[in-house]
Amino acid sequence: MTPSRPSVVPYIASWSPERVSSPVVMSPRGGIAYRDEDTCDRDTKGRLWLRTLIKPRCGRPELGRVHPLRQRRAGNRLLCQVCGGPSDRDERGTLWLLEDCREDWDGWPNGLLTVHPPVCVPCARIAVGACPNLLSGSVAVRVGSSEAAGVYGVTYQPGKKMKPRVVEDGDPASQWVLASQLALSLSDCTLIDLDEITDAPTPPS
């Protein structure tokens, strides 16, 4: 029996036909490269990105694997990570759902680097119940300002492949990272009660 698809597949999730294999090599200029590299393989800061196909809604969804291009697009354009439409915004900022790490430092999540794009109001409750990263506890945040500040990916050393991590802009390791997700820095943040917006009546059209 063919397994049924989950009822909700996030916009940033990958689908089975979107995998592609392109081994990296050491570049004569330093860092890593693809043998058949073209201009689409690097971002404007010169970082190499994981290659992937674009075939959403084909095959089976792979919820544990983020699609690099869609995640990057959602982060840059502040699109909802679940539906791919505009995220919610009010006078306090854009709506984000984050793992609840308020004990990490005073003023959290100001200064946080996250690879999770924002959400819209209809998708916020879905994300709380469906995203594995949020099941142990989540918090809703209005983010007044966000900017691309790095990438998440596997860094390489000659003859050695390291664990994935966030590499911030300006880090010398940027030439050795195979980027797979955009990292955003959050500031001017306000913690909010998600129930206040998800349970609010819909205004008449």
Side-chain angles (χ1 to χ4, degrees), residues 11-14 20 22-52 54 64-81 87 89 92-119 131 133-134 139 141-191:
Y11 169 74
I12 63 171
S14 288
V20 61
S22 295
V24 299
V25 297
M26 290 187 62
S27 170
R29 297 170 295 178
I32 56 173
Y34 292 125
R35 290 189 185 279
D36 57 345
E37 189 175 312
D38 60 37
T39 56
C40 296
D41 290 318
R42 294 185 184 270
D43 59 23
T44 56
K45 297 180 180 179
R47 294 169 299 208
L48 189 67
W49 276 78
L50 180 69
R51 283 178 172 173
T52 185
I54 304 176
R65 190 167 64 91
V66 173
H67 190 275
L69 294 181
R70 288 193 291 273
Q71 186 273 348
R72 186 174 164 193
R73 181 174 184 266
N76 278 322
R77 301 187 182 186
L78 297 183
L79 302 179
C80 174
Q81 64 171 292
S87 56
R89 184 173 180 84
R92 294 169 296 180
T94 304
L95 179 62
W96 242 275
L97 289 178
L98 302 171
E99 298 172 65
D100 191 349
C101 299
R102 281 176 279 188
E103 301 301 318
D104 283 4
W105 65 81
D106 290 339
W108 181 95
N110 287 294
L112 177 71
L113 284 178
T114 181
V115 296
H116 304 300
V119 293
C131 180
N133 293 321
L134 302 176
V139 62
V141 182
R142 289 290 185 185
V143 177
S145 178
S146 62
E147 62 178 349
V151 293
Y152 173 86
V154 174
T155 54
Y156 288 78
Q157 292 180 358
K160 187 175 182 181
K161 180 178 177 180
M162 311 297 285
K163 290 183 178 180
R165 66 181 180 95
V166 170
V167 177
E168 297 186 47
D169 290 353
D171 189 323
S174 292
Q175 65 177 336
W176 295 98
V177 65
L178 182 59
S180 58
Q181 298 182 55
L182 183 70
L184 299 168
S185 175
L186 310 183
S187 58
D188 192 17
C189 300
T190 304
L191 304 185

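The salt bridge (charged side-chain N to carboxylate O under 4.0 Å, His left out) search around R77 returns none, not counting sequence neighbours. Under the side chain to side chain donor-acceptor pair (under 3.5 Å) criterion, R72 pairs with no residue, sequence neighbours left out. In this structure, the side chain to side chain donor-acceptor pair (under 3.5 Å) partners of E37, at least two apart in sequence or on a different chain, are R42. Applying the salt bridge (charged side-chain N to carboxylate O under 4.0 Å, His left out) criterion to R165, with sequence neighbours excluded, gives no partner residue. Applying the side chain to side chain contact (heavy atoms under 4.5 Å, CB included) rule to D104 yields the partners C101, W108; only residues at least two apart in sequence or on another chain are considered. D43 is linked by a side chain to side chain donor-acceptor pair (under 3.5 Å) to R47, W49, counting only residues two or more places apart in sequence or in another chain. Not counting sequence neighbours, D38 has no partner by the salt bridge (charged side-chain N to carboxylate O under 4.0 Å, His left out) test. Residues passing the side chain to side chain contact (heavy atoms under 4.5 Å, CB included) test with D106: none are found, sequence neighbours excluded. The salt bridge (charged side-chain N to carboxylate O under 4.0 Å, His left out) test applied to R65 returns E62, not counting sequence neighbours. With sequence neighbours left out, Y11 forms a side chain to side chain donor-acceptor pair (under 3.5 Å) with R73.
With Q71 contributing its side chain and V115 its backbone, the two residues share a donor-acceptor pair below 3.5 Å. Y34 places a side-chain N or O within donor-acceptor distance of the main-chain N or O of R51, the cut-off being under 3.5 Å.
Here the CG atom belonging to L97 is positioned 10.5 Å from the NE2 atom belonging to H116, to the nearest 0.5 angstrom. Taking CZ from R70 and CG from L79, the interatomic distance works out to 12.5 Å, rounded to the nearest 0.5 Å. The structure places CG of N110 at 7.0 Å from CG of D188, a figure rounded to the nearest 0.5 Å. Note that the CG atom of L182 and the OG1 atom of T114 stand 10.0 Å from one another [nearest 0.5 Å]. Between the CG atom in L184 and the CG atom in L78 there is a gap of 7.5 Å [rounded to 0.5 Å]. Atom CG of L112 is separated from atom CH2 of W96 by 10.0 Å, given to the nearest 0.5 angstrom.
Contact check for T52 versus L50: no side-chain heavy atoms found under the 4.5 Å cut-off. Within the 4.5 Å cutoff, side-chain heavy atoms of W176 are placed close to those of M26.
Paired with R89 under the rule side-chain contact (heavy atoms from CB on, under 4.5 Å), one option of T94, L95, V143 passes, and it is T94.
In terms of heavy-atom proximity, L98 sits nearest to L186 at CD1-CD1, 4.0 Å. In plain terms, the two heavy atoms of S174 and G170 that are nearest each other are OG-N, 4.5 Å. Considering all non-hydrogen atoms of both residues, D171 and A173 come closest at OD1-N, 2.8 Å. Taking both residues in full, the closest heavy atoms of D100 and V139 are given as CA-CG1, 4.2 Å, listed atom of the first, atom of the second, then distance. Considering all non-hydrogen atoms of both residues, D36 and D41 come closest at O-OD2, 4.5 Å.
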Determine, stepwise, if the pair S87 / V119 fulfils side chain to side chain contact (heavy atoms under 4.5 Å, CB included). CA-CA 5 Å; S87 56; V119 293; 5.9 Å; no
Which side-chain N or O atoms in residues 145-154 pair as donor and acceptor under 3.5 Å with protein atoms at least two apart or in another chain?
none

